[in-house]
Amino acid sequence: MKKLVALLLALAMILSMSLFLTACDDSSKKDKDEEISEEDLEKAIVGTWKGTMDLTDSMEEMLEGEGLGEYVELSKFKVKFSMEFNDDGEVEIVADEDSLNDAFETFIDEMADGMEAYLADELEKAGSDMTPDEAMKAQYGMGCKEYLTEVYESVADSMADELSETVDYELDGNKLYMFADEDTYVKISITKGGTMEFGKVSGDDEEAKFYENMTLERD
């Protein structure tokens, strides 16, 4: 049971560290609009941009690390977000709380099924005749889904607060610097039609790699 408790309590930390560093889910290929010149990018980037973060791979890796990957089948874990660049060299990154709650609602349903399968195996190994539901109610007074929902609700408010941050950014031509490692940057392009694309990341900041191939639309 400690694995499951640690997993759920770790979600707030996992999300606050990785949410803004995950590639946007947008694999569709639009007709290419004319790109804005590098000289005009500094002005063009100012404003609010929106996209969708796909955290499915990160969540699956976390489950694998906890030894639960074989029990939980995630369909998706996607969260809408926005990036607001101002002309003072700051960008505010905000995750949409409603879409986060929707993602967790699906996650909890899928996690509950996997949790029951995991417990069934553990109880069998221990030679217990209890069912997963009986074991959960004996220890926590509730079933798997109710337990997961309660744990999530206990961290939901603080998680929402953590899912907003403001960082400094700097543009050098088409190179966007906004990472902890000051030498790391990502190349960007902006079309006159209002699409911003992040290209290849250069540098040693491992977290920055999540920004590669991200696509945003002007709000």
Side-chain angles (χ1 to χ4, degrees), residues 10-65 74 76-96 99-100 103 159 162-219:
L11 287 179
M13 179 183 69
I14 294 292
L15 288 173
S16 65
M17 290 190 299
S18 68
L19 185 56
F20 304 112
L21 305 174
T22 307
C24 176
D25 178 55
D26 189 352
S27 59
S28 61
K29 297 297 182 181
K30 303 179 178 66
D31 292 335
K32 289 291 185 180
D33 290 334
E34 182 181 352
E35 290 187 3
I36 293 173
S37 66
E38 290 186 15
E39 292 77 12
D40 294 330
L41 282 178
E42 189 170 346
K43 181 183 295 185
I45 199 173
V46 174
T48 302
W49 302 81
K50 292 188 175 182
T52 302
M53 301 175 184
D54 189 345
L55 294 172
T56 308
D57 289 345
S58 296
M59 299 296 279
E60 287 178 342
E61 288 176 7
M62 182 177 62
L63 290 169
E64 288 289 346
L74 293 183
K76 62 180 180 179
F77 197 101
K78 299 179 181 180
V79 180
K80 296 178 181 178
F81 76 108
S82 66
M83 300 179 74
E84 183 176 358
F85 293 84
N86 64 36
D87 54 10
D88 295 327
E90 290 184 338
V91 53
E92 182 181 16
I93 309 168
V94 180
D96 181 79
S99 69
L100 177 65
M159 188 185 298
E162 291 175 0
L163 294 180
S164 174
E165 67 173 359
T166 300
V167 299
D168 294 330
Y169 79 91
E170 180 180 350
L171 273 174
D172 180 10
N174 68 342
K175 299 175 182 177
L176 175 62
Y177 295 84
M178 54 178 288
F179 306 110
D181 176 23
E182 296 181 354
D183 295 326
T184 297
Y185 64 86
V186 59
K187 289 186 176 181
I188 68 167
S189 64
I190 299 176
T191 68
K192 292 183 178 179
T195 297
M196 175 159 56
E197 294 188 352
F198 285 47
K200 183 176 177 57
V201 168
S202 295
D204 297 327
D205 193 319
E206 289 300 319
E207 293 180 339
K209 300 297 183 182
F210 289 106
Y211 274 101
E212 288 188 339
N213 304 316
M214 185 169 72
T215 301
L216 299 163
E217 300 293 336
R218 186 180 292 280
D219 186 25

* Asked: So does E42 have more than 12 non-hydrogen atoms from other groups sitting under 6.0 Å from CD?
  ->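 No, CD of E42 has 12 or fewer neighbouring heavy atoms, counting only those of other groups under 6.0 Å.
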* Would you find more than 12 non-hydrogen atoms of other residues, nucleotides or ligands less than 6.0 Å from E182 atom CD? ->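 It does not: E182 CD has 12 such atoms or fewer within range.
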Straight-line distance of [X] [atom1] to [Y] [atom2], nearest 0.5 Å:
| X | Y | atom1 | atom2 | value |
| --- | --- | --- | --- | --- |
| L41 | L176 | CG | CG | 9.5 Å |
| K50 | S82 | NZ | OG | 6.0 Å |
| E197 | T191 | CD | OG1 | 7.5 Å |
| I190 | E38 | CD1 | CD | 11.5 Å |
| E165 | I93 | CD | CD1 | 4.5 Å |
| D96 | F81 | CG | CZ | 11.5 Å |

* Do Y177 and D168 have side chains that get closer than 4.5 Å, going by heavy atoms? ->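 Side chain of Y177 against side chain of D168, heavy atoms only: no contact under 4.5 Å found.
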* **Pairwise side-chain contact, M196 with I45, heavy-atom cut-off 4.5 Å (strictly under)** =>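 They are in side-chain contact.
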Any donor-acceptor pair under 3.5 Å linking the side chain of [X] with the backbone of [Y]?
| X | Y | result |
| --- | --- | --- |
| E212 | V201 | yes |
| N86 | D88 | yes |
| D205 | D181 | yes |
| T184 | D204 | yes |

Restricting to non-hydrogen atoms, name the atom on [X] and the atom on [Y] that form the minimum distance, rounded to 0.1 Å.
| X | Y | value |
| --- | --- | --- |
| E217 | G194 | OE1-O, 3.3 Å |
| W49 | A44 | CZ2-O, 3.6 Å |
| V46 | R218 | O-NH1, 3.1 Å |

* Derivation of the side chain to side chain contact (heavy atoms under 4.5 Å, CB included) call for M83 and L216 -> CA-CA 9 Å; M83 300 179 74; L216 299 163; 3.6 Å; yes
* Could you give me the CA-CA distance, side-chain angles and deciding distance for V91 and E84, then say whether side chain to side chain contact (heavy atoms under 4.5 Å, CB included) is met? => CA-CA 5 Å; V91 53; E84 183 176 358; 5.8 Å; no
* To do: Decide yes or no on side chain to side chain contact (heavy atoms under 4.5 Å, CB included) for I36 and D40, but give the supporting numbers first.
  => CA-CA 6 Å; I36 293 173; D40 294 330; 3.5 Å; yes
* **Contacts of K175 that satisfy salt bridge (charged side-chain N to carboxylate O under 4.0 Å, His left out) - sequence neighbours left out** =>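 In terms of salt bridge (charged side-chain N to carboxylate O under 4.0 Å, His left out), with neighbours along the sequence ignored, K175 is linked to no residue.
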* Asked: If we ignore angles and hydrogens, is there a donor and acceptor under 3.5 Å between the side chains of E92 and T166?
  ->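 Side chains of E92 and T166: no pair found under 3.5 Å.
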* **is_close_aromatic(Y169, F85), centroid dist under 6.0 Å** =>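 For Y169 and F85, the ring centres are under 6.0 Å apart.
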* Asked: How far apart are the C-alpha atoms of T52 and V79, what are their side-chain angles, what is the distance that settles it, and do they pass the side chain to side chain contact (heavy atoms under 4.5 Å, CB included) test?
  -> CA-CA 6 Å; T52 302; V79 180; over 6 Å; no
* Residues E34 and K192 bridged, charged N to O under 4.0 Å ->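 Between K192 and E34 there is a salt bridge, with a charged N closer than 4.0 Å to a carboxylate O.
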